[in-house]
2 protein chains.
Amino acid sequence: MLKLTKKADYGLMALKYLAEHPETPALSAKDVADAYGIPAQLLAKILQLLTKNGLLRSHAGMNGGYALARDARQISAYEVILAIDGPFFITSCIKGAKSCELTPSCTIKEPLARVNDTIAGVLKSISIQDLAEHEQPAARAHGDRVQAAHGLVALTL
Amino acid sequence: MLKLTKKADYGLMALKYLAEHPETPALSAKDVADAYGIPAQLLAKILQLLTKNGLLRSHAGMNGGYALARDARQISAYEVILAIDGPFFITSCIKGAKSCELTPSCTIKEPLARVNDTIAGVLKSISIQDLAEHEQPAARAHGDRVQAAHGLVALTL
DNA sequence: CTGAATTCGGACCGAAGAAGTCGGATATTG
DNA sequence: CAATATCCGACTTCTTCGGTCCGAATTCAG
């Protein structure tokens, strides 16, 4: 449990691949799929999702394909996962809805919501660029929740 | 995505409930299930799992039931989730297996493995006790990866 | 203009896992 | 013995994930 879907994995891989090939104006879904052995049709739909969410720019027609909509540093893993799998919450009971439908006594999620935020913070601190140069990803400052400090991230818990 | 199963939720709730009732020698699965409106038979199996993994002590027969095997402070949310849902890895490709079977070029997981460790660290730092007294859970020191410091946890990334 | 390459978008399907149920065996106590 | 429990495996149901297929619309090259 607690694992990413393959689609999210594929999406991250594809973005990483695009980030590694900044010279080419656009890469087709097939290009990327072949590079990783991913089913092309599936990846196509994933890339469509990413473009719809503003992470990629698409261009149809011959020599068309996809390209990053922003600099690789400006795209976080969080955004990618969010775009592909939708909003995630570590607790089954969605935080937005007023408490648990049938289990109002579920006081568990309050502390777990904090864990959820922590995970989101970590994911937000990782950019596609970090994945591309797969050395130690330098943690980036992000709001007041995550702050870079000598190569480690301080998370308020 | 990235959410706990209901079973894990139930397990955490049950342990929390037990932690809140230290006076009683044992609580039956039905007792806990009724308290939260959880299907009793399902919770029963979950509690069995937890006993099998040494988190609970069980006692059959009349006035039997379950009790925490250790102090609530000595049981981490991580252990509970691990016992119920098995080992989790954020990446689809299991870290143990030698790389990705068909996609050897999956360099994504290396950075994500670090995220995985981070999540595990946070989960390990939360005890059942923290859930029971659902105030700010005091972060506990844990290994050299997670270190408590003025109410916040420092995580090496 | 025609055709190839490519994105787009929906419908569809099979497999896997999650959630929950059922039934029976065993242990413990009164 | 009877009531209360844990124990344990098999089974159903439901949802989601992973993946495929097909029929468009778009763009470019010749």
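Chain A is the first sequence line, chain B the second, and so forth, proteins listed ahead of strands; every chain is numbered from 1.
A straight line from CD of Gln48(B) to P of dT6(D) spans 8 Å, rounded to a whole angstrom. Rounded to a whole Å, the CG atom of Asp31(B) is 12 Å from the P atom of dT4(D). In this structure, the NZ atom of Lys30(A) is 18 Å from the C1' atom of dC8(C), given to the nearest Å. Distance, Lys6(A) NZ to dA15(C) P: 15 Å, rounded to whole Å. Atom-to-atom, CE of Met62(B) to C1' of dG30(C) comes out at 6 Å; the value is rounded to the nearest Å. If you take NZ of Lys52(A) and P of dC8(C), they are 10 Å apart, rounded to a whole angstrom. Taking atom CG of Leu43(B) as the reference point, atom C1' of dT21(C) lies 15 Å away to the nearest angstrom. A straight line from CD1 of Ile84(A) to P of dG19(D) spans 13 Å, rounded to a whole angstrom.
For Tyr66(B), whose side chain is taken as the heavy atoms from C-beta onward, the closest listed nucleotide among dG9(C), dA19(C), dT6(D) is dT6(D). Candidate nucleotides dC22(D), dT7(C), dC7(D) were compared by shortest atom distance to the side chain of Gln41(A), and dC22(D) ranks first. Among the nucleotides dC17(D), dT27(D), dT21(C), the one closest to any side-chain atom of Thr5(A) is dC17(D). Among the nucleotides dG9(C), dT20(D), dT21(C), the one closest to the side chain of Leu42(B) is dT21(C).
In this structure, Ala29(B) reaches the sugar-phosphate backbone alone: every heavy-atom distance under 4.0 Å involves primed, P, OP1 or OP2 atoms, never a base.
OP1 or OP2 of dG19(D) sits under 4.0 Å from a side-chain N or O of Tyr10(A). OP1 or OP2 of dC8(C) lies within a sub-4.0 Å distance of a side-chain N or O belonging to Ser58(A). Taking side-chain N and O atoms only, Thr51(B) has a distance below 4.0 Å to OP1 or OP2 of dC7(D). Look at His59(A) and you'll find a side-chain N or O under 4.0 angstrom from OP1 or OP2 of dC28(D).
At a threshold of 4.5 Å between side-chain heavy atoms, the hydrophobic network of Ile, Leu, Val, Met, Phe, Trp and Tyr places Leu49(A) and Ile38(A) in two separate groups.
The environment of CZ in Arg57(B) is sparse: at most 12 heavy-atom neighbours from other residues, nucleotides or ligands sit within 6.0 Å.
Put simply, NZ on Lys16(A) and NE2 on His21(A) are 9.0 Å apart, with the number rounded to the nearest 0.5 Å. Of the inter-residue distances, the one linking Leu55(B) atom CG with Leu68(B) atom CG reads 9.0 Å to the nearest 0.5 angstrom.
One donor-acceptor pair, N or O on each side, does fall under 3.5 Å between the base of dT21(C) and the side chain of Lys45(B).
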Is there a side chain to side chain contact (heavy atoms under 4.5 Å, CB included) between Leu12(B) and Ile128(B)? Walk through the geometry before answering.
CA-CA 7 Å; Leu12(B) 287 170; Ile128(B) 296 302; 4.3 Å; yes
